[in-house]
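A short write-up of the structure that comes next.
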Amino acid sequence: MDVKLKAEDSKKRMREYDISGEITLQTIEELSLKLKDCVISCDDLTINLKQITGFDVAAFQFFYSLKNSFIRDKKKLLVNCSLSEEVTQLLKNCGIEDLKSVLSIKRED
């Protein structure tokens with residue numbers, strides 16, 4: 001898994017990250033540590049899931065929990081997804097047709 005800070009605006013308390021590779025039970029703790037500061041300090045977060053080759057239930061739970069904390073704190077969260085066909089099919093088998101719509105908070109700008 002690779003996590004890169006793509007953009008940051010400290011005045012607007014905004015960050016954007018690109019995440020690629022496998023997001024699974026084995027990598028979720030590392031991802032959590034990398035995003036911990038951001039969750040506390042930013043009000044507007046964009047996460048681009050690019051070339052994701054693995055995405056399991058632990059990853060879904062992590063991102064869903066992240067979404068709920070942003071809703072609770074009235075912050076903005078946008079998740080863009082570029083998933084492999086295998087991951088897309090796996091999610092469809094679990095009843096998730098559009099990961100972006102499940103994980104993103106509708107923005108009202």
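What you are looking at is a predicted structure, and each value in this text was computed from that prediction instead of being measured.
Under the side chain to side chain donor-acceptor pair (under 3.5 Å) criterion, Gln51 pairs with no residue at all, not counting sequence neighbours. In this view, Gln26 and Thr24 satisfy the side chain to side chain contact (heavy atoms under 4.5 Å, CB included) rule, not counting sequence neighbours. Applying the side chain to side chain donor-acceptor pair (under 3.5 Å) rule to Ser65 yields no partners; only residues at least two apart in sequence or on another chain are considered. Legend: residues meeting side chain to side chain donor-acceptor pair (under 3.5 Å) with Gln89, ordered by chain and number and at least two apart, are Asn93. Scored by the ring pair (Phe, Tyr, Trp, His ring centres under 6.0 Å) test, Phe60 finds Tyr64 as partners (sequence neighbours excluded). Shown here are the side chain to side chain contact (heavy atoms under 4.5 Å, CB included) partners of Ser84, two or more places apart in sequence or in another chain: Glu86, Val87. Looking at residues two or more places apart in sequence or on another chain, you find a salt bridge (Lys or Arg N to Asp or Glu O under 4.0 Å) between Lys34 and Glu30. Scored by the side chain to side chain donor-acceptor pair (under 3.5 Å) test, Asp18 finds Asn48 as partners (sequence neighbours excluded).
Arg13 places a side-chain N or O within donor-acceptor distance of the main-chain N or O of Ser41, the cut-off being under 3.5 Å.
Evaluated for a side chain to side chain contact (heavy atoms under 4.5 Å, CB included) with Leu31, the options Thr27, Leu35, Leu33 yield exactly one hit, Leu35.
For residues 1-10, the pairs satisfying side-chain hydrogen bond (donor to acceptor under 3.5 Å, both in side chains) are Glu8-Arg15, with sequence neighbours left out. For residues 48-72, no residue pair satisfies the salt bridge (charged side-chain N to carboxylate O under 4.0 Å, His left out) rule, not counting sequence neighbours.
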